[in-house]
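Heads up, the thing below is written out as structure tokens.
Computed from a prediction, not measured in an experiment: that's the story for all the values here.
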Amino acid sequence: MDNFEVKDKSIPQTILGYGPFMAELYYGHRSRLYLDDLYNNPENVCEVIQEAYDQGIRAINLVNNSNLLKAYDLAADAGCEMEVVATIGKSDVDYLNPNYEVAKEVDWDEDIELFSSYNCPLMLVDEFIVDGYDWKLTSKILSEINDTGVISGIVTAFPSRTTDLLANNLDMNLFDVYMIPFNSISYMMDINAFNASQRQEFVGRVLKLNKKIIATRILAAGVLNPKEAFTFLKNVDYIDAISIGVAKVEEAREDFTLLKEY
């Protein structure tokens, strides 16, 4: 697995996502299964992390959650220490019906302090903060991240709307990485359709930002199979890295084995 370069940092291009581990609600009925099998059983998550590591994955996206951190610490103790891409300021806000005012009250400075003790080259401001469009708050968090000496970035759930707002509302020198949902069917993106011309137009707007791009939700929360997703991304040269979640040891083995072919 290759790395991408950001300033003086080299970060793995494939990042193990936390979505299934946190039983995110956008997985629909599977969220309940993930809650029982993964979120409430850090040992099971540890096994998935270990399999991902065995398949060559050397980065993981983490948030400040005791169950998730326990799972990762178990894996690290077993020799599977990865580079951490930390999402800063994640809250318990309902993904399907977010309250952005509540999201802004999260103790994000504690997250920065916590992940500063990990092998963490990159910290990203959580989407519920970024998409709340409190630019002063987002700028403050980015500045605090930058003060630690790591690379900073932002996450959005609305890659079309947020992309259009960034240049006029945020100091673009404050961050270097932009994580966006991205898949061939525009699932979980604020784009109704995604034919060739629409993709080209969208990509043009994103590239104007001149940031490193991490694609997330590349499997469209399971709507796409891995082969479909990887085939699409193989022909995309403007994505610098991907974050991909897997829910089982078998999925980790199959998905990451397949990914090596692309």
Legend entry - Geometric cation-pi criterion R217 and Y26, 6.0 Å radius, 45° cone: yes

Inset, instruction - Report the relative orientation of the aromatic rings in Y118 and Y72; use parallel for angles under 30°, tilted for 30 to 60°, perpendicular for over 60°. - result: tilted

Legend entry - Flag, side chain of N146 to backbone of L174, donor-acceptor distance under 3.5 Å: yes

Inset, instruction - Taking the side chain as every heavy atom from C-beta outward, state whether W108 and K140 have any atom pair closer than 4.5 Å. - result: yes

Legend entry - Closest contact, heavy atoms only, A252 versus A52: CB-N, 4.2 Å

Inset, instruction - Could you tell me whether R30 sits above the aromatic face of Y27, with NZ or CZ closer than 6.0 angstrom to the six-membered ring centre and within 45 degrees of the axis? - result: no

Legend entry - Check: Y18 and N65 side chains under 4.5 Å, non-hydrogen atoms: no

Inset, instruction - Show your reasoning for whether side-chain hydrogen bond (donor to acceptor under 3.5 Å, both in side chains) applies to E5 and S10. - result: CA-CA 5 Å; E5 308 296 323; S10 183; 3.0 Å; yes

Legend entry - Within 6.0 Å of CG in N210, more than 12 heavy atoms from elsewhere: no

Legend entry - N/O donor-acceptor pair under 3.5 Å between D111 side chain and G89 backbone: yes

Legend entry - More than 12 heavy atoms from other groups under 6.0 Å of NZ on K104: yes

Legend entry - Flag if over 12 foreign heavy atoms under 6.0 Å of NZ, K9: yes

Inset, instruction - Search all heavy atoms of D131 against all heavy atoms of A157 and return the closest pair with its distance. - result: OD2-N, 2.8 Å

Inset, instruction - For D190 and R161, indicate whether the former's side chain and the latter's backbone hold a donor-acceptor pair under 3.5 Å. - result: yes

Legend entry - S116: side-chain hydrogen bond (donor to acceptor under 3.5 Å, both in side chains) partners, not counting sequence neighbours: none

Inset, instruction - Please confirm whether the backbone N or O of V63 pairs with a side-chain atom of T87, one donor and one acceptor, at under 3.5 Å? - result: no

Inset, instruction - Provide the closest heavy-atom pair for K227 versus L258 in the form atom of the first, atom of the second, distance. - result: N-CD2, 3.7 Å

Inset, instruction - Flag the pair P226 / L259 as yes when at least one side-chain heavy-atom distance between them is below 4.5 Å, and no otherwise. - result: no

Inset, instruction - Please list, chain by chain and in numerical order, all residues satisfying side chain to side chain contact (heavy atoms under 4.5 Å, CB included) with L35, sequence neighbours excluded. - result: A23, R32, Y39, N40

Inset, instruction - Output yes when a side-chain donor or acceptor of T216 lies under 3.5 Å from a complementary backbone atom of I242, and no otherwise. - result: no

Inset, instruction - Evaluate the criterion side chain to side chain contact (heavy atoms under 4.5 Å, CB included) for residue pair V246 and L16; output intermediate values, then yes/no. - result: CA-CA 8 Å; V246 291; L16 181 62; 3.7 Å; yes

Legend entry - Inter-residue atom distance D255.CG - I244.CD1, 0.5 Å rounding: 5.0 Å

Inset, instruction - Verify whether one side chain among R205 and S160 offers a donor that lies under 3.5 Å from an acceptor in the other. - result: yes

Legend entry - side-chain hydrogen bond (donor to acceptor under 3.5 Å, both in side chains) involving N41 - partner list, sequence neighbours excluded: none

Inset, instruction - Calculate, to the nearest 0.5 Å, the distance between atoms CD1 and CG belonging to I154 and L124 respectively. - result: 9.5 Å

Legend entry - Side-chain (N61) to main-chain (V85) donor-acceptor, under 3.5 angstrom: yes

Legend entry - Nearest-0.5 Å distance that lies between atom CZ in F175 and atom OG in S143: 12.0 Å

Legend entry - Residue pair L165 / F158, side-chain heavy-atom distance below 4.5 Å: no

Inset, instruction - Could you tell me which non-hydrogen atom of C120 sits nearest to which non-hydrogen atom of M123, and how far apart they are? - result: SG-CG, 3.8 Å

Legend entry - Enclosure of E113 CD (heavy-atom neighbours >12, cutoff 6.0 Å): no

Legend entry - Nearest heavy-atom neighbours spanning E83 and I11: OE1-CA, 4.3 Å

Inset, instruction - Look at atom CG of N192 and say whether more than 12 heavy atoms of other residues, nucleotides or ligands are closer to it than 6.0 Å. - result: no

Inset, instruction - Calculate, to the nearest 0.5 Å, the distance between atoms CD1 and CG belonging to I60 and L68 respectively. - result: 6.0 Å

Inset, instruction - For R253, check salt bridge (Lys or Arg N to Asp or Glu O under 4.0 Å) against everything at least two apart and list the hits. - result: E51

Legend entry - K260 side chain vs Q55 backbone, donor-acceptor pair below 3.5 Å: yes

Legend entry - Audit row: I180, I214, side chain to side chain contact (heavy atoms under 4.5 Å, CB included) steps and yes/no: CA-CA 6 Å; I180 62 173; I214 300 177; over 6 Å; no

Inset, instruction - Report yes if some heavy atom in the side chain of M179 is under 4.5 Å from a heavy atom in the side chain of T156; otherwise report no. - result: no

Inset, instruction - Carefully, step by step, assess S139 and D171 under the rule side chain to side chain contact (heavy atoms under 4.5 Å, CB included). - result: CA-CA 8 Å; S139 298; D171 181 351; 5.7 Å; no

Inset, instruction - Identify, with sequence neighbours excluded, every residue that meets side chain to side chain contact (heavy atoms under 4.5 Å, CB included) alongside A103. - result: S91, V93, F128

Legend entry - S186 (side chain) donor-acceptor with I191 (main chain) under 3.5 angstrom: yes

Legend entry - V84 and N119, any side-chain heavy atoms less than 4.5 Å apart: no

Inset, instruction - Determine yes or no for a side-chain-to-main-chain donor-acceptor pair under 3.5 angstrom, with E47 supplying the side chain and N44 the backbone. - result: no

Inset, instruction - Nearest 0.5 Å please: distance from the CD atom of E144 over to the CG atom of L142. - result: 10.5 Å

Legend entry - Test salt bridge (charged side-chain N to carboxylate O under 4.0 Å, His left out) applied to K90 and E24, E110, E127, the passing residue: E24

Inset, instruction - Mark yes when over 12 heavy atoms from residues, nucleotides or ligands other than D92 sit less than 6.0 Å from its CG; otherwise mark no. - result: no

Legend entry - Pairwise side-chain contact, L74 with I49, heavy-atom cut-off 4.5 Å (strictly under): no

Inset, instruction - Report yes if some heavy atom in the side chain of D176 is under 4.5 Å from a heavy atom in the side chain of V6; otherwise report no. - result: yes

Legend entry - I141 and L137: CA distance, side-chain angles, deciding distance, side chain to side chain contact (heavy atoms under 4.5 Å, CB included) verdict: CA-CA 6 Å; I141 300 173; L137 175 60; 4.1 Å; yes

Legend entry - Within 45° cone of Y178 ring axis and under 6.0 Å: K212 NZ or CZ: no

Inset, instruction - Taking all heavy atoms of I218 and all of N183, pick out the closest pair and write down the distance. - result: O-CB, 3.6 Å

Inset, instruction - Identify which one of F182, Y187, Y262 satisfies the ring pair (Phe, Tyr, Trp, His ring centres under 6.0 Å) criterion when paired with F232. - result: F182

Inset, instruction - Report the residues that fulfil side chain to side chain contact (heavy atoms under 4.5 Å, CB included) with K208, sequence neighbours left out, ordered by chain and then residue number. - result: none

Legend entry - From E43 atom CD to L38 atom CG, the distance as rounded to the nearest 0.5 Å: 11.5 Å

Inset, instruction - Can you spot which of T163, I239, L166 makes a side-chain contact (heavy atoms from CB on, under 4.5 Å) with V206? - result: T163

Legend entry - Main-chain N/O of E254 paired to T257 side chain as donor or acceptor, under 3.5 Å: no

